[in-house]
2 protein chains.
Amino acid sequence: MNTQKTTDLREFKNILKKHGLKATPQRIAVHETMMKLGHACADMVVDEINSSGTTSVTAASVYNILSQLALLGVYGHRLSANNKMYFDVNTFKHVHMYDCENHVYRDVVDNDLMTMVSEHLGRKKFRGYSIKDIDIQIIVHPTRRKAPKA
Amino acid sequence: MNTQKTTDLREFKNILKKHGLKATPQRIAVHETMMKLGHACADMVVDEINSSGTTSVTAASVYNILSQLALLGVYGHRLSANNKMYFDVNTFKHVHMYDCENHVYRDVVDNDLMTMVSEHLGRKKFRGYSIKDIDIQIIVHPTRRKAPKA
DNA sequence: GTGATTGCAAATTTTTTGCAAGATA
DNA sequence: TATCTTGCAAAAAATTTGCAATCAC
């Protein structure tokens, strides 16, 4: 279970160094974009970087970079209902709110809930398995007011 | 939020009829397989059906059938960490246990937990959104000792 | 300098689509 | 019979891979 956070660029470079990874412009750009977007999938990051004009990346590199960082635990990651891998700069223990119409994630900080659930589940035994993580997602949809849809 | 269950074949046919869908051998086979497997993704269903010899289906049809049934709320569905859509015959409100090594889902019936979380979240307000569902997943990995596995 | 990293294009994997042939009510 | 469904093959969409060129250290 991951409980770290990496929002500072300097710290990010330290993490890269610590893992023997080079601080390439692409990696920096990806991380800056992730810090800006919060939750994003590869194509969003690619577009954001390439439209900013400062750095240029290919999709393949972004996929590699994001996966690698997720593997190191620097990012969280999850598959959304629209079949894309979303990465999350914030690896604090938190709940996700997922807008299933617009495919947007938002963090919900609710320590009471996390604690409550963790403690409840900690009391249970799952024969042959160890709990690695607990994932809580609140699936929401925008409260429409005008245009009640077809 | 879905709270129904469809494990009976007769009831399944009624549901099809109710929605104006025909009780084709393929749909029956898919549902029987889903009842047998509990949680499965399209390719698992295809293999299971085609290896049983009784009925034959193509992948495209299984994808269509499963998606359609999920849309009707007959099945639940979720994307797993190995990037495949898993369907779930059981649409009772329940928690999922996900073995992230073998990519296997199991239902965990824990009404206390569901109630606790629902009540807790019901008290919160999410501006502009309505809660559609609450998804709790316990990500586990096998406690290697004597190879639990299937 | 040298090994890590990127870019590029092609390959893989999962899922979807269009349309003709076939089955169901 | 009229329509819904399936099968087939090709198309899409997301992600991965192989390898040469390039860059960070």
Side-chain angles (χ1 to χ4, degrees), chain A residues 9-10 12-33 39-50 54-72 74-75 77-87 103 105, chain B residues 9-10 12-34 39-50 54-72 74-75 77-87 103:
Chain A
L9 192 55
R10 204 155 305 271
F12 177 67
K13 290 186 182 173
N14 284 336
I15 291 175
L16 290 181
K17 184 166 292 180
K18 188 168 67 186
H19 290 280
L21 300 176
K22 292 175 179 171
T24 64
Q26 286 79 4
R27 280 207 257 249
I28 303 293
V30 164
H31 188 61
E32 282 179 329
T33 304
H39 299 85
C41 44
D43 59 325
M44 293 166 69
V45 175
V46 174
D47 291 349
E48 185 74 23
I49 294 176
N50 288 335
T54 323
T55 316
S56 131
V57 264
T58 55
S61 299
V62 171
Y63 278 109
N64 289 336
I65 291 170
L66 289 174
S67 316
Q68 197 171 35
L69 291 174
L71 199 64
L72 297 181
V74 180
Y75 297 155
H77 62 294
R78 57 186 39 247
L79 231 35
S80 73
N82 64 339
N83 203 10
K84 291 164 99 169
M85 184 64 83
Y86 276 69
F87 295 84
H103 305 292
Y105 283 102
Chain B
L9 192 55
R10 203 155 308 271
F12 177 67
K13 290 185 182 172
N14 285 336
I15 290 175
L16 291 181
K17 183 168 291 180
K18 188 167 68 185
H19 289 281
L21 299 176
K22 292 175 179 171
T24 65
Q26 286 78 5
R27 279 206 258 249
I28 303 292
V30 164
H31 188 61
E32 282 178 328
T33 305
M34 284 303 295
H39 300 84
C41 44
D43 58 324
M44 293 165 71
V45 175
V46 173
D47 290 350
E48 186 74 24
I49 294 177
N50 288 336
T54 323
T55 316
S56 132
V57 264
T58 55
S61 299
V62 171
Y63 278 109
N64 289 335
I65 292 170
L66 289 174
S67 315
Q68 198 169 37
L69 291 174
L71 200 62
L72 298 180
V74 179
Y75 297 155
H77 61 294
R78 59 185 39 249
L79 230 37
S80 73
N82 64 338
N83 202 11
K84 291 165 98 168
M85 184 64 81
Y86 277 69
F87 294 85
H103 303 292

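Below, chain A is the first sequence line, B the second, and so on; all start at residue 1.
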Nearest 0.5 Å please: distance from the OH atom of A/Y86 over to the OH atom of A/Y105. 7.0 Å

Quick one: NE2 on B/H39 to CE on B/M34, what's the gap to the nearest 0.5 Å? 8.0 Å

Checking B/E32 now: which residues fulfil salt bridge (charged side-chain N to carboxylate O under 4.0 Å, His left out) with it, not counting sequence neighbours? none

For B/D43, what residues pass the salt bridge (charged side-chain N to carboxylate O under 4.0 Å, His left out) criterion, not counting sequence neighbours? B/K84

Just the endpoints, please: which first and last nucleotides of DNA chain D, 5' to 3', lie under 4.0 Å from a heavy atom of chain A? D/dA14 to D/dC25

By side-chain hydrogen bond (donor to acceptor under 3.5 Å, both in side chains) - contacts of [X] (at least two apart):
{"X": "B/H103", "answer": "B/Y98"}
{"X": "A/S80", "answer": "A/N82"}
{"X": "A/S61", "answer": "A/T58"}

Polar pairs (N or O, both sides) under 3.5 Å between protein and nucleotides 14-16 of chain C?
from, atom 1, to, atom 2, distance (Å)
C/dT15, OP1, B/M85, N, 2.7
C/dT15, OP2, B/Y63, OH, 2.6

A/N83: partners by side-chain contact (heavy atoms from CB on, under 4.5 Å), with sequence neighbours left out: B/L79, B/N83

Residue set satisfying side-chain contact (heavy atoms from CB on, under 4.5 Å) with A/V57, at least two apart, ordered chain then number -> A/Q26, A/I49, A/N50, A/V62

Output the residues of residues 22-30 of chain B in contact with DNA chain C, where contact means a heavy atom of the residue under 4.0 Å from an atom of the strand; sort by number or write none. B/K22, B/A23, B/P25

Distance check: side-chain N/O of A/T58 vs OP1/OP2 of C/dT6, anything under 4.0 Å? no

What is the bend of the helix from C/dG1-D/dC25 to C/dA25-D/dT1 when you compare the axis at one end with the axis at the other, using five pairs each and rounding to 10°? 40°

Residues 63-70 of chain B, side-chain donor-acceptor partners within the protein, below 3.5 Å, at least two apart:
from, atom 1, to, atom 2, distance (Å)
B/N64, ND2, B/A60, O, 3.2
B/S67, OG, B/Y63, O, 2.6
B/Q68, OE1, B/R27, NH1, 2.8

Classify the ring geometry of B/H31 against B/F12: parallel below 30°, tilted from 30° to 60°, perpendicular beyond 60°. parallel

